[in-house]
Amino acid sequence: MRAEALIDLSAIKHNVELLKDVSGTNLLAVVKADAYGHGLIPVAKAALSAGASYLGVALLEEAVALREAGITAPILAWLVQPGSDFAQGIELDIEIAVASLAALQEISAAAKSKKARIHLEVDTGMTRGGFLNEWDQLTTEHLNGVDVVGIFSHFARADEPAEKQNSDQLGRFSAAVAHLNSLGHVNIMRHLSNSAATLKNGAASFDMVRTGIAMYGLSPDVQTLGDSKSLGLRPAMQLRAALYLVKDVPAGSPVGYGATQSTTVDTKLGVVAMGYADGIPRIARTAGVWSAGKRTPIIGRVSMDQFVVDLGADSKARSGDWVTVFGNGSHGEYTADDWGAASQSINYEIVTRIGPRVPRIYAPHVY
Ligand SMILES: *Cc1c(COP(=O)(O)O)cnc(C)c1O
């Protein structure tokens, strides 16, 4: 094999247990985007076995894939656009987020043998999804055709716990809950927190937290909240690739497209069999791989299927060896955080963009 992502499901289980403990409430495991690149079905099953009570996805088709795999746990899909097959979703007991009166009408009309189970999404200040101006127009009548299971909102700045916007959003959320209660809906699940809020804002945990990135063992923001280790989280993904070729190269050799970098001394270069088509960011210039027990930097531009690393003249690496692109950092290797920083991005984007050509293998990490 050329490249693989090793997914340690025991790390996912550890993180779910930790997050449940921290929040002291129900946990919805966010498995959208192929479980942040870790593989939808194996992660969903691991999270449920570790005590998650709900699964959360963006798309209806992600929820349908979970049902087709035989998963019977409650599922919430929160990005279901007009014109979707709501009837199928209702039939499969998929709970659906509703963010407008029009959506409420459409989903009520789609219900046949049973009512749609919905969660009302309110915009408490992120100004993205959720009811805003229409919230005050909502009446008991609008809600007659549905089964209101929950109310939720989403934080914009939970990774900056001291920001006033967090308490503003919390206040508006409580007011929205009170409004829904006043319409006669009292027995509803309230959920607001993402990973960062789960870790740093206990007052927002309510009846359920929706954890994504932390469940995969990654910090929502290394700068403001600290890294995985300091949060007690275990990164679940190790990305590995084969050194397709190792060769000696003289000083002054230009490397890769555009000859953006040249060797400065006689050295040994390694060609890593992974490229931007596999999710290695082309912009990452300061990252590299862990090879033969040391950090080995990228040299030259990342290509579609390969990139080159400078192993150093004394390296013991050989063609066919495996290198770690990123891991949990415990051996000194680069982490998804390092790749995020090197790409002017975040660990979320690094793991979710690992391409479909990279097989996900469910096994402990290998060094
Ligand atoms: C993605 C998402 C989450 C999870 O966010 P993390 O920061 O990964 O924990 C929670 N809620 C909603 C609505 C989301 O879209």
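Atoms within a ligand are numbered from 1 in the order they appear, just like the ligands themselves. Keep in mind that this is a model prediction, so the values were computed, not measured.
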Worksheet item: Parallel, tilted or perpendicular: which fits the ring planes of His119 and Phe152, with parallel below 30° and perpendicular above 60°?
Response: perpendicular
Item to complete: Return the residue, atom name and 0.1 Å-rounded distance of the protein heavy atom closest to atom 13 (C) of ligand 1.
Response: Trp78 CE2, 3.6 Å
Worksheet item: Just which atoms of ligand 1 are under 4.0 Å from any heavy atom in Tyr36?
Response: 1 (C), 4 (C), 5 (O), 6 (P), 8 (O)
Worksheet item: Which atoms from ligand 1 have a heavy atom of Ile213 less than 4.0 Å away?
Response: 6 (P), 8 (O), 9 (O)
Fill in: Heavy atom of the protein closest to atom 7 (O) of ligand 1 (residue, atom name, distance)
Tyr348 OH, 2.7 Å
Discussion item. So that I can tick it off, tell me whether Asp278 and Arg2 are bridged by a salt bridge, with the cut-off set at under 4.0 angstrom between side-chain N and carboxylate O.
Written reply: yes
Worksheet item: Can we say Asp93 and Arg117 salt-bridge, meaning some charged N sits less than 4.0 Å from an Asp/Glu carboxylate O?
Response: no
Fill in: Protein heavy-atom partner closest to atom 9 (O) of ligand 1 - residue, atom, separation in Å
Ser195 OG, 2.5 Å
Discussion item. Counting only heavy atoms closer than 4.0 Å, does ligand 1 sit against the backbone of Met215, its side chain, both, or neither?
Written reply: neither
Worksheet item: What orientation do Trp339 and Phe307 show, parallel under 30°, tilted 30 to 60°, or perpendicular over 60°?
Response: perpendicular
Worksheet item: Which of the atoms in ligand 1, numbered in the order shown and given with their element, are less than 4.0 Å from a heavy-atom of His154?
Response: 3 (C), 10 (C), 11 (N), 12 (C), 13 (C), 14 (C)
Discussion item. For Asp310, is there an ion pair with Lys268 - N to carboxylate O distance below 4.0 angstrom?
Written reply: no
Worksheet entry | Contact partition for Arg210 relative to ligand 1, non-hydrogen atoms under 4.0 Å | both
Discussion item. Strictly below 4.0 Å, N to O, side chains only: are Asp338 and Arg295 in salt-bridge contact?
Written reply: yes
Discussion item. Taking 4.0 angstrom as the limit and counting only heavy atoms of Asn194, give me the atoms of ligand 1 inside it, by number and element.
Written reply: 5 (O), 7 (O), 9 (O)
Discussion item. For atom 14 (C) of ligand 1, which of the options Lys32, His191, Glu121, Met126 provides the nearest non-hydrogen atom?
Written reply: Lys32
Item to complete: Classify the angle between the aromatic ring planes of Tyr216 and Tyr36 as parallel (below 30°), tilted (30 to 60°) or perpendicular (above 60°).
Response: parallel
